[in-house]
Amino acid sequence: MSEQVTSPTEAYPPGAAFIDGRFAEIADAKISVLDWGFLRSDATYDVVHVWKGRFFRLDSHLDRFMASAEKLRMNLPYGRAQIAEILAQLVERTGFEDAYVEMIVTRGVSPTFSRDPRDAINRFIAFAIPFGWILKPEEREKGLAIAVSEIPRIQPESVDPTVKNYHWLDLVMGMFDAYEQGARTCLLSDGQGNVTEGPGFNIFVVKDGKVSTPQRGVLHGITRQASMLLLEELQVPISERPVSLAELHDADEVFATSTAGGVMPVTSIGAHTVATGKPGAITNRLIEAYWAAHTRGDGWSVPVADVSRGQLDLA
Ligand code: PLP
């Protein structure tokens with residue numbers, strides 16, 4: 001566990017992986033081209049992060065991952081506590097203080113190559129790589145430039161967005177739309193005039209001191225959940241409800257939330273500047289509370305070492 005695993009080639013970030021029941025180098029963690037996770041995006045995943053040696057909201061990520069696998073009728077080859085230990089051991093192998101830790105279950109391959117998903121043997125994969133940011137801390141003051149794409153998000157009746165998934169073609173093509181509008185990333189609507197989410201983040205608007213975030217048609221992000229809890233503590237009113245594109249453009253503050261970067265001010269939407277073009281007061285208070293929560297116990301954060309030694313009650 002103390003041995004450092006790093007990537008042998010520059011094509012891969014340094015890191016460590018766990019695949020087909022073993023720990024492996026990131027560069028060696030490969031799946032069959034016949035895996036339905038690859039052929040059909042038939043997979044679910046979750047990403048938890050480690051900050052200064054502590055997992056953030058690990059229980060919430062594990063809850064979501066276990067629930068997602070169940071909703072997709074997949075059988076995980078490991079229980080919740082075992083998965084937590086695998087994740088912790090991966091982080092320890094890398095020696096990273098700050099890490100991005102992904103767990104995946106794919107439908108796998110049917111041993112008879114039948115077309116029946118019930119025949120497939122589900123595959124569990126996990127890896128730890130360096131922490132990555134959608135918006136780096138030094139870019140926070142400038143904020144995120146987003147653009148609303150013409151492409152609507154896949155409807156939730158077709159693909160359940162609360163099951164974290166790789167059905168990203170709407171988001172990826174939306175990013176190309178956003179680049180053409182000079183923005184950094186995109187936001188998709190529900191096709192009926194309401195905001196949904198962007199590639200890897202949820203969205204919040206602030207108007208007259210009240211915060212709102214869409215509830216329907218989005219992944220219930222763990223950073224979104226953490227932000228709602230922290231806003232309650234800060235006694236800022238928060239509601240989950242449909243948020244129209246008109247409200248987005250009329251907002252006093254807009255921010256995005258993601259495991260990959262936390263709470264991120266959005267300062268422009270296409271050609272429109274949000275309020276003064278600077279991060280707003282509520283966004284700034286939330287950013288502070290979010291990073292302060294990384295040293296809190298009580299389900300907020302836990303040392304990686306406590307998880308790898310099985311000292312947690314993760315039953
Ligand atoms: N929405 C989508 C589509 C995502 O993929 C993600 C994370 O990758 C999020 C929202 C944010 O979720 P979380 O806060 O759990 O990272």
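For the salt bridge (charged side-chain N to carboxylate O under 4.0 Å, His left out) test, residues two or more places apart in sequence or in another chain that qualify with D116 are R118. When the ring-ring contact (aromatic ring centres under 6.0 Å, His included) test is applied to F204, the partners found at least two apart in sequence or on another chain are F255. Taking the side-chain contact (heavy atoms from CB on, under 4.5 Å) definition, one finds that I121 meets it with P111, sequence neighbours left out. The side chain to side chain donor-acceptor pair (under 3.5 Å) test applied to S149 returns D177, not counting sequence neighbours. By the ring-ring contact (aromatic ring centres under 6.0 Å, His included) test, H167 is found to be paired with no residue, residues two or more places apart in sequence or in another chain being considered. Contacts of H61 classified as ring-ring contact (aromatic ring centres under 6.0 Å, His included), with partners at least two apart in sequence or in another chain: none. Not counting sequence neighbours, the partners of E197 by the salt bridge (charged side-chain N to carboxylate O under 4.0 Å, His left out) test are R153. Considering only residues two or more places apart in sequence or on other chains, W168 meets the ring-ring contact (aromatic ring centres under 6.0 Å, His included) condition with none of them. Contacts of D63 classified as salt bridge (charged side-chain N to carboxylate O under 4.0 Å, His left out), with partners at least two apart in sequence or in another chain: R80.
Comment: D250 engages K207 in a salt bridge, judged by a side-chain N to carboxylate O separation of less than 4.0 angstrom. Here E97 does not pair with R54 in a salt bridge; the nearest charged N to carboxylate O distance is not below 4.0 Å. For the pair E253 and K278, the salt-bridge criterion is not met [side-chain N within less than 4.0 Å of a carboxylate O]. Using a cut-off of 4.0 Å between Lys/Arg side-chain N and Asp/Glu carboxylate O, R93 and E25 are scored as not salt-bridged.
In this structure, H249 contributes its side chain and L245 its backbone to a donor-acceptor pair below 3.5 Å. Side-chain atoms of T196 never come within 3.5 Å of backbone atoms of V218 as a donor-acceptor pair (strictly under, hydrogens ignored). Under the 3.5 Å distance criterion, the side-chain polar atoms of N122 are left unmatched by any main-chain donor or acceptor of M74. H294 places no side-chain N or O within donor-acceptor distance of the main-chain N or O of W51, the cut-off being under 3.5 Å. Under the 3.5 Å distance criterion, the side-chain polar atoms of S68 are matched with a main-chain donor or acceptor of R64. Of the possible donor and acceptor atoms, one in the side chain of N202 sits under 3.5 Å from a partner among the backbone N and O of L219. At least one donor-acceptor pair under 3.5 Å links the side chain of T223 to the backbone N or O of T259. Between the side chain of S258 and the backbone N or O of F201, no donor-acceptor pair lies under 3.5 Å.
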- Report the C-alpha separation of V33 and F38 in whole Å, then their side-chain angles, then the decisive distance to 0.1 Å, and conclude whether the side chain to side chain contact (heavy atoms under 4.5 Å, CB included) test is met. CA-CA 7 Å; V33 292; F38 170 65; 4.2 Å; yes
- Task: Check the pair F127, F18 against ring pair (Phe, Tyr, Trp, His ring centres under 6.0 Å), reporting the backbone distance first and the verdict last.
- Result: CA-CA 6 Å; F127 59 84; F18 180 89; over 10 Å; no
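Between F131 and W133, the two ring planes are perpendicular [angle over 60°; tilted spans 30° to 60°]. Using the six-membered ring where Trp is involved, Y290 and H49 have ring planes that are tilted, between 30° and 60° apart.
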Residues 100-108, side-chain donor-acceptor partners within the protein, below 3.5 Å, at least two apart:
residue	atom	partner	partner atom	Å
E102	OE2	Y166	OH	2.8
T106	OG1	D35	OD1	3.0
T106	OG1	D35	OD2	2.9
T106	OG1	G108	N	3.3
R107	NE	D42	OD1	3.1
R107	NE	D42	OD2	2.8
R107	NH1	L72	O	3.0
R107	NH1	R73	O	3.4
R107	NH2	D42	OD1	3.0
R107	NH2	L72	O	3.0

Let me check something: any side-chain donor-acceptor pairs from residues 184-194 under 3.5 Å, sequence neighbours excluded? List them with distances.
residue	atom	partner	partner atom	Å
R184	NH1	I134	O	3.0
R184	NH2	E139	OE1	3.4
R184	NH2	E139	OE2	2.9
S189	OG	G191	N	3.0
D190	OD1	Q192	N	2.7
D190	OD1	G193	N	3.3
D190	OD1	N194	N	3.0
D190	OD2	N194	ND2	3.1

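For the residue pair R224 / T257, no side-chain donor-acceptor distance below 3.5 Å is found, with atom types taken as modelled. In this model, no donor atom of one side chain and acceptor atom of the other lie less than 3.5 Å apart for K71 and T44. In the model, Q225 has a side-chain atom that pairs as donor or acceptor with a side-chain atom of S60 under 3.5 Å.
Residue pairs satisfying the salt bridge (Lys or Arg N to Asp or Glu O under 4.0 Å) criterion with at least one member in residues 292-303, sequence neighbours excluded, are listed as follows: E233-R296.
When all heavy atoms of G15 and I26 are compared, the pair lying nearest together is C-CG1, 3.4 Å.
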